[in-house]
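Only a predicted model underlies this, so the values are computations on that prediction, with no experimental measurement involved. Values below: every heavy atom of this structure, side chains too, minus hydrogens, waters and symmetry copies. When a ligand or atom number is given, it counts from 1 through the structure's own listing order.
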Amino acid sequence: MKCWAGSQLYVASSRPADVDKILTTCLNKSPFYETLDDVMKDAIATSKVNVWKKHRKMISPSFNSKIVNSFHDVFVKYSTEIVKFVNEAEGREQVNFVLVIWQQTFDAALETLANVKPHVIEERYNAITAFMKFEEILIQKFYKPWLLIGFIWKLSNFYKVHQTARQTFRAVFEKIVAEAHKAYESEDRNGRYVFIVINRPQLDGKLFLPNLIQLSQVKQITLEQILEETCFMIIAGSETTAITVNMVLIILGIYPDIQEKVYQELVSVLPHLEKDPTSEEISRLDYLERVIKETMRLSPAVPFILRYADEDINCGSQLYIISTRPTDVEKILTNCLNKSPFYNTIHDEAKNTLLTSPVSVWKEHRKMINPSFNPKVLNSFHDIFVDYSRKMVEFLESTDGKETTDLTPIIWQNTLDSTIETLTNIKPHLIKERYNAISATMKIEEILIQRLRKFWLLTDFFWKLSSLRKEYQQAWQKGHKIIENILAEQSRSSEFESVNPIRSQRFLPHLNKLNQNKLITHEDILEEASLMSIAASETTAITINIILTFLGIYSDVQEKAYQEVVSVTSCHQDPTLEEINRLEYVERVIKETLRLIPLVPFLMRSNEADITSDPFVFPAGCNFLIPVVTLHRDPEVWPDPEKFDPDRFLPDEVAKRHRCSYLPFSFGSRNCIGLKYGMMSMKVMIAMIVKKFKIRAVGMKSWKDMECDFLIMLKPKNSHLMFEKRTN
Ligand code: HEM
């Protein structure tokens with residue numbers, strides 16, 4: 001997933017392979033950690049990589065296994081303190097027990113890491129309270145991101161609270177470091193002081209803080225840096241363990257069977273429970289170790305890790321590339337014929353359609369289907385488009401000049417009928433339940449949008465559990481059933497089709513023939529035909545509604561379109577195909593509308609091989625996102641881009657632009673197969689409506705008054721139109 005926080009791009013991945021790459025390649029922490037800069041800028045957890053490298057090298061030896069093993073007695077001592085506390089509070093409910101544990105882990109950290117006897121620092125727990133305050137404020141910075149801006153932060157109340165906590169926090173640690181220093185000064189300079197205080201004569205390394213103090217003597221680290229490292233190390237060493245111990249106790253309290261197993265293991269490994277456990281015995285508590293690991297799986301004390309990438313990281317298919325450079329777009333759309341994995345959301349019931357299939361299936365199907373969209377076949381559709389446009393005109397006459405709200409469903413019924421007739425040869429009225437395809441499609445889109453909003457539903461695991469999936473399948477099945485009925489109808493009329501070569505080349509009869517020759521399966525036909533009937537009818541219905549709204553807003557453009565239609569078409573008859581082809585201005589209106597509101601607002605592809613698009617190389621496995629809307633409104637290409645001006649599509653103007661600066665139907669061999677079909681059908685309907693009516697868009701002065709849903713397709717939400725019959 002990716003998101004922008006101001007100008008910072010955040011990329012989140014939960015793929016182990018990506019995580020591996022990120023954690024091994026990016027050693028710099030994310031700038032988010034800068035929020036802790038004034039507390040501990042140079043600490044090992046927050047520092048820039050150059051400081052981190054140096055410090056980690058100095059600190060690592062203090063965590064070798066000999067030294068860590070020597071901490072056992074200290075851990076036992078402070079665990080005994082916790083047991084004592086619990087004994088005293090036996091049977092009473094514990095609230096915020098984590099704090100009780102933290103105080104003990106804090107003391108254990110002081111003794112093991114700083115070599116300081118905790119009771120010497122009386123006010124030491126103030127550091128815990130102060131750190132909790134920092135955490136609280138840090139969370140506020142997540143919710144109120146403006147607090148990340150330096151000057152706003154410094155003006156805020158949070159800053160004051162933060163500064164007070166900072167003073168308290170640092171005062172405690174200054175004392176701790178001073179105490180460790182005193183111990184160092186009072187011992188001989190061989191570093192043996194370590195052994196005296198904690199009494200581990202056999203150690204061959206130095207504890208964390210004494211080691212740093214010694215290194216400061218030879219100027220390898222500054223005193224300020226020591227202070228910061230100590231702050232972090234003691235807090236990190238105590239808070240995380242306290243939170244995890246508390247969480248393990250909660251888990252044991254919830255699951256008595258697991259608690260019992262832990263107890264049985266303890267009894268068997270430590271027969272004398274009243275005696276302190278040895279480190280060898282603790283290392284034999286395998287089941288307890290598994291419980292701790294499983295607890296940390298479910299509830300990790302550090303729930304996310306932030307890193308900063310100084311350079312590109314190739315994490316395979318999860319890399320998203322967005323380009324608005326027409327030259328890149330051309331390279332991408334011609335070379336990447338595979339759709340992005342994003343299309344898998346549609347896959348469930350429509351895996352093998354042109355729109356969604358992987359390139360191997362797509363190539364075969366597109367080759368089979370292309371002939372059904374050749375010019376001869378398309379031209380044979382003209383009369384059908386006229387028939388259903390006439391029906392639309394009749395409907396608009398019946399509105400009697402009154403306001404209509406959202407015409408799309410009505411237009412859709414007409415475009416669906418013309419789709420059925422053009423692509424299947426069947427008279428639509430024979431398929432009684434055909435309009436169920438409209439409600440089913442609306443359901444499918446609604447569910448797809450829900451999946452995008454509830455993004456966890458994009459994972460197979462949650463999707464398969466979700467009730468939405470069943471509804472989704474049912475909706476597709478409704479569509480398939482209509483196609484089955486059409487196929488049944490078709491088999492009744494097939495004799496007639498075979499004598500008309502053009503009609504037999506139309507989409508469904510043609511695929512049926514291929515099915516008889518075993519070149520495509522029945523299942524694939526169902527999927528392709530369901531998708532095609534939606535792709536052909538919904539797209540044109542929505543676009544026609546948008547075009548009518550534009551004409552209703554821009555009456556001068558409408559007037560010009562009207563003049564063209566009356567001058568080109570004959571007075572009392574339906575337009576002929578030849579006349580429709582001469583409606584150049586109407587065509588420009590449609591194109592300019594699709595520039596400002598492209599129905600498909602972004603295209604997505606992925607590549608199997610590297611692609612060079614100077615100066616970039618897009619490595620294999622990228623996801624490309626082409627934001628068509630942005631390309632269509634680039635002021636470098638489209639002067640005054642928000643102006644609605646059909647003349648941008650005069651041939652001389654078109655010649656000035658890159659061919660990939662305008663992509664309503666995509667580009668290259670995997671473009672919209674229905675480009676010409678769509679333009680023909682829309683031109684006929686627009687021309688016939690414009691000729692008959694004066695259109696008015698109620699309450700709109702500019703196309704920007706249109707509200708659109710912007711998810712899978714751009715759909716207008718608020719078009720109110722009035723159709724007044726022209727008198728002449
Ligand atoms: C205003 C009308 C239309 C617009 C704006 C439009 C737009 C598009 C776009 C942008 C794509 C590429 C989608 C992608 O890559 O994600 C596409 C694909 C497609 N369109 Fe259209 N379309 C329209 C009408 C039609 C019509 C009328 C038909 C059928 C008669 C149709 C059938 C298809 C099919 C089957 C595909 C998938 C093609 C493939 O991947 O090979 N579309 N359309």
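The nearest pair of heavy atoms linking Met532 to Leu423 is CG-CD1, 3.6 Å.
Counting heavy atoms from C-beta on, the side chains of Asn545 and Leu721 come closer than 4.5 Å.
In this structure, the salt bridge (Lys or Arg N to Asp or Glu O under 4.0 Å) partners of Lys715, at least two apart in sequence or on a different chain, are Glu445, Glu538. In this structure, the salt bridge (Lys or Arg N to Asp or Glu O under 4.0 Å) partners of Lys656, at least two apart in sequence or on a different chain, are Glu653. Residues passing the salt bridge (Lys or Arg N to Asp or Glu O under 4.0 Å) test with Glu642, sequence neighbours excluded: Lys704.
Here Arg582 pairs with Glu578 in a salt bridge; the nearest charged N to carboxylate O distance falls below 4.0 Å.
Sorted by chain then number, the residues whose non-hydrogen atoms approach ligand 1 to under 4.0 Å are Lys339, Tyr343, Leu354, Leu355, Trp362, Arg366, Phe373, Met532, Ala535, Ala536, Thr539, Thr543, Leu599, Val600, Leu603, Pro664, Phe665, Ser666, Arg670, Asn671, Cys672, Ile673, Gly674, Tyr677, Gly678, Met682.
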